[in-house]
J.: 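The structure's right below; bear with me while I get my questions together.
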Amino acid sequence: MLILLDTANLEGIRKLNDMYPIDGITTNPSIIVKEKTNFIDLIKEIRSIIGTDKMLHVQTLGTTALEIVEEAEYLNEKIGGNFYVKIPVTDEGIKAMKILKEKSIKVSATSIITALQGLIAAKAGAEYVIPYVNRIDNISGDGVGVVSEMVCIFEAYGFKTKVLAASFKNVDQIKRACLAGTHAITAAQDIITQLLQHPLTDWSVEQFTKDWENMYGKGKRTNNI
Ligand code: G3P
């Protein structure tokens, strides 16, 4: 099971990549423009922070298969390492996925709202499909239900394609996506940190420290008493 960060914020990436078991970074055009800086320099800096082994997903903007393939080849060459080109599941996007499969450039199929879009992307050779859980929930759909359906379809037909669930707005959506068998999730920095936070954990740690220091003195730990 993989946990990725859905951001292009360098400070956030440095901090969370250092602290948490992060498997990679996903971005999209809206995430990139928030950083208000040169695109390719930003992506290269992200690559240098996370190293070459971790996944880095970057999205294309082309509207024809030819444009998408050109962007994918450019990005793959410029970024390198464990790179995935993110392509929306339009008709031309699916055509581009088939071409890129032949060229051995790894694809994550994005902007997925229905399980059947995921099925077509898997057939076209996508390594990951990215359903937008919260955006589906926001149109009175069932985001986690779509995750569950794709996991089920891929298992039933023996696809190697994996589900990388995205667009989370709370930790309960992530928990339910995990219970539905998602292979990976990606979320913003604040949601990832909330996965760990609990006031009862903080209270317990404070209590342990208080008890210990009452006996052994302030600042004393297991290795200095
Ligand atoms: O990368 C896709 C995902 O980031 C969309 O998320 O939060 O904008 O719905 P959101």
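Index from 1, following the sequence. Counting convention: from 1, in listed order, for ligands and their atoms alike.
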J.: Is a side-chain donor-acceptor pair under 3.5 Å present for Asn76 with Lys106?
T.: no

J.: Tell me, which residues have any heavy atom less than 4.0 Å from some atom of ligand 1?
T.: Asp6, Asn28, Lys86, Tyr132, Arg135, Ser167, Lys169

J.: Given a cutoff of under 4.5 Å between side-chain heavy atoms of I, L, V, M, F, W and Y, with clusters grown through shared members, what are the other residues clustered with Trp203?
T.: Leu200

J.: When you compare the side chains of Asn134 and Gln173, does any donor N or O come within less than 3.5 Å of an acceptor on the partner?
T.: yes

J.: The criterion is ring pair (Phe, Tyr, Trp, His ring centres under 6.0 Å); which residues satisfy it with Phe159, sequence neighbours excluded?
T.: Phe154

J.: With no hydrogens and no angle check, do the side chains of Thr110 and Tyr132 hold a donor and an acceptor under 3.5 Å apart?
T.: yes

J.: If the condition is salt bridge (Lys or Arg N to Asp or Glu O under 4.0 Å), which residues does Glu92 pass it with, not counting sequence neighbours?
T.: none

